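Side chains are part of it too, since the values below use all heavy atoms of this structure and drop only hydrogens, waters and symmetry mates. Remember, it's a predicted structure, so these values are computed and weren't measured experimentally.
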Amino acid sequence: MKLLFYFSLILCLYACNQTKVPEEILPLEQMSKLVEEITILETHYQSKFGVPSQYKGALDQSVSSVLQKANCTQEKFKKSLRYYAAHPELQKALNDTLLTSLSRKLN
């Protein structure tokens, strides 16, 4: 019985640590804002031009502008995206935050 208790305790502590991100990774709040802005930009360009080759340059410039305003490099953003994708709990939190924010804007 004690073994089960300690195992459960260790499992809970491990799960709690999974929601913290290293310093070189964008925090959830900042990451969700950036992903939201970039998603809106991509949607705009896709609906306006349809063919990615027609809007790739303009989209890249717009994304760079968003990242620059947030004092974030493209490298750090991509690294953060990979980190969130590799951690399902964080990816779910990011997606939930994004969906909540976008649905509020629609209403």
- Message: Quick one: does any side-chain atom of Gln91 pair with a main-chain N or O of Ala85 as donor and acceptor, under 3.5 Å?
- Response: yes
- Query: Which pair of heavy atoms, one from Pro88 and one from Ala86, lies closest together, and at what distance?
  - Reply: CD-O, 3.6 Å
- Give a yes or no on whether Gln54 atom CD has more than 12 heavy-atom contacts from other residues, nucleotides or ligands under 6.0 Å away. yes
- From OG (Ser65) to CG (Asp60), nearest 0.5 Å: 12.5 Å
- Query: Between atom CG of Leu67 and atom CD of Glu75, what is the distance when rounded to the nearest 0.5 Å?
  - Reply: 12.0 Å
- Query: Rounded to the nearest 0.5 Å, how far apart are NZ of Lys105 and OG1 of Thr100?
  - Reply: 12.5 Å
- Are any side-chain N or O atoms of Tyr84 and backbone N or O atoms of Leu28, one a donor and one an acceptor, separated by less than 3.5 Å? yes
- Note on the structure: d(Leu81 CG, Leu94 CG) to nearest 0.5 Å is 8.0 Å
- Message: Name the residue from Glu37, Glu42, His44, Glu36 that meets the side chain to side chain contact (heavy atoms under 4.5 Å, CB included) definition with Ile40.
- Response: Glu36
- Item | Under 3.5 Å donor-acceptor, Ser101 side chain and Thr97 backbone | no
- Query: Taking atom OG1 of Thr73 and atom NZ of Lys79, what is their separation to the nearest 0.5 Å?
  - Reply: 9.5 Å
- Task: Indicate yes or no: at least one non-hydrogen side-chain atom of Tyr45 is less than 4.5 angstrom from one of Ser62.
- Result: yes
- Task: Evaluate whether atom CD of Glu24 has more than 12 neighbouring non-hydrogen atoms of other residues, nucleotides or ligands under 6.0 angstrom away.
- Result: yes
- When rounded to the nearest 0.5 Å, the distance separating CD of Gln46 from OG1 of Thr39 is 10.0 Å
- For the residue pair Phe77 and Met31, establish whether any side-chain heavy-atom pair is separated by less than 4.5 Å. yes
- Message: Looking at every non-hydrogen atom in both residues, tell me the closest pair between Leu41 and Val63 and how far apart they are.
- Response: CD1-N, 4.2 Å
- Is a donor on one side and an acceptor on the other found under 3.5 Å between the side chain of Ser80 and the backbone of Leu26? yes
- Verdict with reasoning, Lys33 to Glu29, per salt bridge (charged side-chain N to carboxylate O under 4.0 Å, His left out): CA-CA 6 Å; Lys33 288 177 183 177; Glu29 185 177 325; 3.4 Å; yes
